[in-house]
Amino acid sequence: MARALFQSQSGTQDIFPSEADRRRRLVDIFAEEVTKAGYGQVIPPMFEDVGVFQRLGEASDVVSKELYSFVDQGGRNLSLRPEFTASVCRMFAQHRPLVPWKVWYTGPSFRQERPQKGRYRQFDQIGAEVIGTDDPDVDIELIAICWRFYQQIGLKNVSLVINSLGDFEDRARYLEDLQSYFKANADQLSEQSLKTSEINPLRVLDSKRPADADVIAKAPVLADYLGEPAAMSFERVKLGLTTLGIPFEVAPRLVRGLDYYGRTIFEFAATSLDAAQNAVGGGGRYDGLVEALGGGSQPGVGFALGVDRILLACDAEGVFDAVDSGPQVWVVTTTQGTEALEIVEELQTAGFRAGRSFGGRSMKAQMKAANRSGADIAVIVGESEAESGSVSIRQLRTAPPSGEVSSPSGSASQQTVIERTAMVEKVRSLLS
RNA sequence: GUGGCCGUAGCUCAGUUGGUUAGAGCGCCAGGUUGUGAUCCUGGAUGUCGGGGGUUCGAAUCCCCUCGGUCACCCCA
């Protein structure tokens, strides 16, 4: 056998039919939820001017080292999107739709980092954004959509944590104190965190290094710096979640990777997955991003859920299994005529999933294929059926009686000969 | 991006201190049944041992590089 000349690129996946079906169902369920909530789908391009994504914050790893950038033949500096939010905001700034603009999306995003299970260089996300209102009820609505979606697919072990990053001025005051705190305790910080503290002190807070744990635990808390508007907004979010019966935990040290967030942020973790890659969704408010892209002063809020990780979590919980979408009927013919073409067409037109073999294989080989296909019924046309205008209908789900002799008589309990014109009705009744 | 572990047939894996032509189970194909799927029996095809280079009389086995996977970190979905 020949050897494959190429293989898929690191961190990309080849997805086969049953898994692809499952993904499509997942997206369908999500689409249903967001549509009920009045969100319209948008399909932005997969690449943008690199500047669109640089607005996410030069200090974030997503921008500084994980961007898939390239120069096209026209000399344009482009990047594959690392997420959708920036593209959606660019889209808003360019077209200025009426606010509040409520949209959802699905598709692949790209990040150049070392792959491992649940973390890929090309990965699928589903998400939603609302641009044009700072009403915290929208934050609640978005979280509720996520929550309902997880429930719809049967995921149980999902925990929600929330925090408020405050408004820009709040955060500026906090960052100043935090930075000087880290500076004062530099000797107790890991080298890496010390470096991070100079670029973006917020992110030191979610360092997983044990060495940092103590310093982080005693660090000033953002909640103490919230101004009146941010604090009220956050209170409203907590009230709303409680009202809707959505369990949550306030995590004072929760921060998010991208620099644009402010006020409410939230994260969903699948507790049945290993901690390193257990984030199955997250989002929050970004009140400066649209403006940074020239869209005017418009607040925004949104979330993204990771399709790959949600499916991994489903596997861990044994929920949302792949469903069988194989053929219901298999057509077997040994004539050299056009019966297979006609019968398959007739069955498919009548709404059945119908398959057949190709290549003029023996009846035995075709019956094996029928069995393997998972079909419930085989429709058989040999010479005698072809001459008499009939078909043999054979039920496949039961084992054939031992010693059954091949015979066109149809005497066996699970095989009968009927007029071809009665085939569709017979198949329908057998399948119901 | 940094570090650890791993890579033998379509799949799961065996292969002794380097030693003839690299194996098993499952799966696949064909026949036993020239018109019939489970099971059973018989036979068959797989592979540059991830790729490249080196050491050696001789490499799946040892060394280097590289590609891919996986785990941890960084970070995130």
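Lettering follows sequence order; numbering is per chain, from 1.
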When rounded to the nearest Å, what value does the distance between [atom1] atoms of [N] and [M] take?
N      : M      : atom1 : value
B/rG19 : B/rA60 : P     : 9 Å
B/rG27 : B/rU20 : C1'   : 30 Å
B/rA9  : B/rA22 : P     : 14 Å
B/rC75 : B/rC62 : C1'   : 38 Å
B/rG69 : B/rU8  : P     : 14 Å
B/rC57 : B/rC13 : P     : 37 Å
B/rG10 : B/rC28 : P     : 15 Å
B/rU21 : B/rG7  : C1'   : 25 Å

Check: A/E267 side chain, B/rA77 base, donor-acceptor under 3.5 Å: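 Flag unset: no donor-acceptor pair detected.
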
What about A/Q366: does its side chain form a donor-acceptor pair under 3.5 Å with the base of B/rU36? no

Which nucleotide wins on minimum distance to the side chain of [X], given the candidates [options]?
X      : options                : answer
A/E66  : B/rC75, B/rA30, B/rG31 : B/rC75
A/Q125 : B/rA30, B/rA77, B/rU36 : B/rA77
A/R256 : B/rA77, B/rC28, B/rA72 : B/rA77
A/R394 : B/rU36, B/rC75, B/rA38 : B/rU36

Range-with-range stems for RNA chain B, at least three Watson-Crick or G-U pairs under 3.5 Å: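 The stems that RNA chain B takes part in, listed by first number, are B:1-7 with B:67-73, B:10-13 with B:23-26, B:28-32 with B:40-44, B:50-54 with B:62-66.
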
Out of A/Q125, A/Q122, A/R23, A/R119, which residue meets the side chain to side chain contact (heavy atoms under 4.5 Å, CB included) rule with A/D308? A/R23

Could you pull out all residues at least two apart from A/D49 that satisfy salt bridge (Lys or Arg N to Asp or Glu O under 4.0 Å)?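 For A/D49 there are no salt bridge (Lys or Arg N to Asp or Glu O under 4.0 Å) partners, ignoring immediate neighbours.
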
A/A279 near the nucleic acid: base, sugar-phosphate alone, or nothing, with a heavy-atom cut-off under 4.0 Å? sugar-phosphate

How close or far is atom P of B/rG10 from atom CG of A/D14, stated in whole angstroms?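 The answer, rounded to whole Å, is 16 Å.
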
Using a cut-off of under 3.5 Å, enumerate the N/O to N/O pairs linking the protein to nucleotides 66-70 of chain B.
residue	atom	partner	partner atom	Å
B/rC67	O2'	A/Q7	NE2	3.0
B/rG68	OP1	A/S10	N	3.4
B/rG69	OP1	A/G11	N	2.9
B/rG69	OP2	A/S10	OG	2.9

